[in-house]
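First the structure, in the form of structure tokens, and then the observations on it.
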Amino acid sequence: MIPPVVRVPRLACTPKGAQAGERAIPEETPVAIVHNGSTYAVMMATPADLQDFGIGFSLTEGVIDSLADVEDLELLEFDEGVEVRLWINAERAGLMVARRRQIAGPTGCGLCGVESLELAVKPARAVGEGRIFAPADISRAIAALPPAQVLNHATRAVHAAAFWEPEAGLVAVREDVGRHNALDKLVGHLVRQPRTATENPASRGIVLLTSRVSIEMIQKTAMLGASVLVAVSAPTALAVRTAEAAGITLAAIARDDGFEVFTHPHRIATGGSNTETVPHVA
């Protein structure tokens, strides 16, 4: 498989002069998502955790409704890139013909190939009530993420998406040059895990992002069924409106000294009287 990190020669220029050396940088390669022999999309991605990517992308795009819809999955590597081939059951395959995206998506692009404005801003799936977290939980989750970003430590050039639970800590971390890809990889990993409870396991924890929060990140989190999303960067206004409508608690600008809650603050047990007064974004 194509290595996710490569070392390239570089010339470091500083006030003290120039010095030759090497730099570790992330690989970026075309990854085709193929359903039943037909290409649905080609995304530029880091060539790691591609089985997770294929499942997660297919789920967040609405091509499949659950892992049970996938009968088989294989990876094929070519000189030009990688194909992630998924074989979908006949019932679901009939539904996916309604929308196809046979185009290339640049890094970080989450809306390439959408045929109408309505599809671009479609409402996110409503999530369940989930659980309540203390502010200390949010701080612990964010603090646990940087040490687990292996690819970013090597390259300083990739995004991460992670899932954290109070009882288990960081359950999973996925990285990619594209922030949407990182979240899709996380979704794919989580839905591939055996479920031991009747409830959606995603409702027990927090989705963490190292990137800004746009509408697509809310939509993908909603497809996973997670009720709390925390990011280190700020959200867009449309992301806030979408999270509000979907019932997702959105916290962002999470730092060592705190964070800001934009929607559904009732899941954050601050103990203050202002937890229900966050205004809606018009």
Side-chain angles (χ1 to χ4, degrees), residues 49 52 56 60 124 127-153 156 158-176 179-193 195 197 199-214 216-236 239-240 242-244 246-272 275 278:
D49 304 307
D52 290 341
T60 62
V127 302
E129 185 53 38
R131 65 191 295 182
I132 295 175
F133 298 92
D137 291 328
I138 309 297
S139 298
R140 287 169 53 207
I142 288 295
L145 185 52
Q149 294 175 242
V150 177
L151 289 181
N152 197 53
H153 279 308
R156 301 298 178 186
V158 296
H159 294 289
F163 190 73
W164 183 91
E165 294 179 3
E167 300 82 6
L170 278 179
V171 174
V173 179
R174 290 294 182 268
E175 297 177 277
D176 198 278
R179 58 197 175 91
H180 305 90
N181 299 342
L183 183 51
D184 279 333
K185 288 178 177 181
L186 177 70
V187 171
H189 170 77
L190 293 176
V191 301
R192 294 176 68 198
Q193 303 310 301
R195 295 190 177 188
E199 68 170 333
N200 180 3
S203 67
R204 301 197 297 262
I206 300 169
V207 171
L208 305 172
L209 301 177
T210 61
S211 62
R212 67 181 174 88
V213 186
S214 55
E216 315 95 279
M217 308 301 272
I218 298 295
Q219 292 167 333
K220 292 176 184 294
T221 299
M223 290 297 287
L224 176 63
S227 56
V228 179
L229 172 62
V230 178
V232 301
S233 193
T236 67
V240 172
T242 305
E244 177 68 36
I248 292 174
T249 295
L250 171 59
I253 318 175
R255 302 286 190 270
D256 294 339
D257 58 351
F259 54 91
E260 299 179 18
V261 185
F262 292 86
T263 60
H264 299 282
H266 64 279
R267 294 193 186 93
I268 309 299
T270 62
T275 58
V278 175

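These numbers come from a predicted model, not from an experiment.
- Nearest heavy-atom pair, Ala234 versus Ile253, reported as atom, atom and distance to 0.1 Å: CA-CG1, 4.0 Å.
- At distances below 3.5 Å, not a single donor-acceptor pair connects side-chain atoms of Glu175 with backbone N or O atoms of Val158.
- Atom CG of Leu224 is separated from atom OG of Ser203 by 9.5 Å, given to the nearest 0.5 angstrom.
- Residues Pro235 and Leu250 have side chains in contact (heavy-atom distance under 4.5 Å, counting atoms from C-beta outward).
- A distance of 12.5 Å separates NE2 in His264 from CG in Leu229, rounded to the nearest 0.5 Å.
- A donor-acceptor pair under 3.5 Å is absent between the side-chain atoms of Thr263 and the main chain of Val240, judged by distance alone.
- Side chain of His153 to backbone of Pro146: a donor-acceptor contact under 3.5 angstrom is found.
- With hydrogens and angles disregarded, no donor-acceptor distance shorter than 3.5 Å links the side chain of Glu165 to the backbone of Val171.
- Rounding to the nearest 0.5 angstrom, the gap separating the CZ atom in Phe133 from the CD1 atom in Ile206 is 4.5 Å.
- Rounded to the nearest 0.5 Å, atoms CG (Leu209) and CD1 (Ile142) are 8.5 Å apart.
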Assess whether side chain to side chain contact (heavy atoms under 4.5 Å, CB included) is satisfied between Arg140 and Asp137, documenting all intermediate values. CA-CA 5 Å; Arg140 287 169 53 207; Asp137 291 328; 3.2 Å; yes

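- Taking Arg192 as the reference, Asp52 meet the salt bridge (Lys or Arg N to Asp or Glu O under 4.0 Å) condition, with sequence neighbours excluded.
- Residues forming a side-chain hydrogen bond (donor to acceptor under 3.5 Å, both in side chains) with Thr249 (at least two apart in sequence, or on another chain): Arg267.
- Partners of Glu129 according to the side-chain hydrogen bond (donor to acceptor under 3.5 Å, both in side chains) rule, which considers only residues two or more places apart in sequence or in another chain, are His266.
- With respect to Asp49 and Lys185, no salt bridge is recorded, no charged nitrogen being found less than 4.0 Å from a carboxylate O.
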Please determine whether side chain to side chain contact (heavy atoms under 4.5 Å, CB included) holds for the pair Val187 and Val207, giving the CA-CA distance in whole Å, both sets of side-chain angles, and the decisive distance to 0.1 Å. CA-CA 10 Å; Val187 171; Val207 171; over 6 Å; no

Could you please spell out the steps behind the side chain to side chain contact (heavy atoms under 4.5 Å, CB included) verdict for Phe259 and Val230? CA-CA 9 Å; Phe259 54 91; Val230 178; 5.6 Å; no

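- The distance from atom CG of Leu208 to atom CG of Leu145, rounded to the nearest 0.5 Å, is 6.0 Å.
- Between Ala202 and Gly225, the closest heavy-atom pair is CB-C, 4.0 Å.
- Contact of the Thr210 side chain with the Gln149 side chain is registered, since non-hydrogen atoms from C-beta on lie closer than 4.5 Å.
- Leu170 and Ala162 make their closest contact through CD2-CB, 3.9 Å (heavy atoms, listed as atom of the first residue, atom of the second, distance).
- The two residues Ser211 and His159 make their nearest non-hydrogen contact at CB-ND1, 3.6 Å.
- Closest of all the heavy-atom pairs between Met217 and Thr221 is O-OG1, 2.8 Å.
- In this structure, the separation between CG on Asp184 and NZ on Lys220 is 3.5 Å, given to the nearest 0.5 Å.
- Contact detail for Arg204 and Pro166: the closest heavy-atom pair is O-CD, 3.9 Å.
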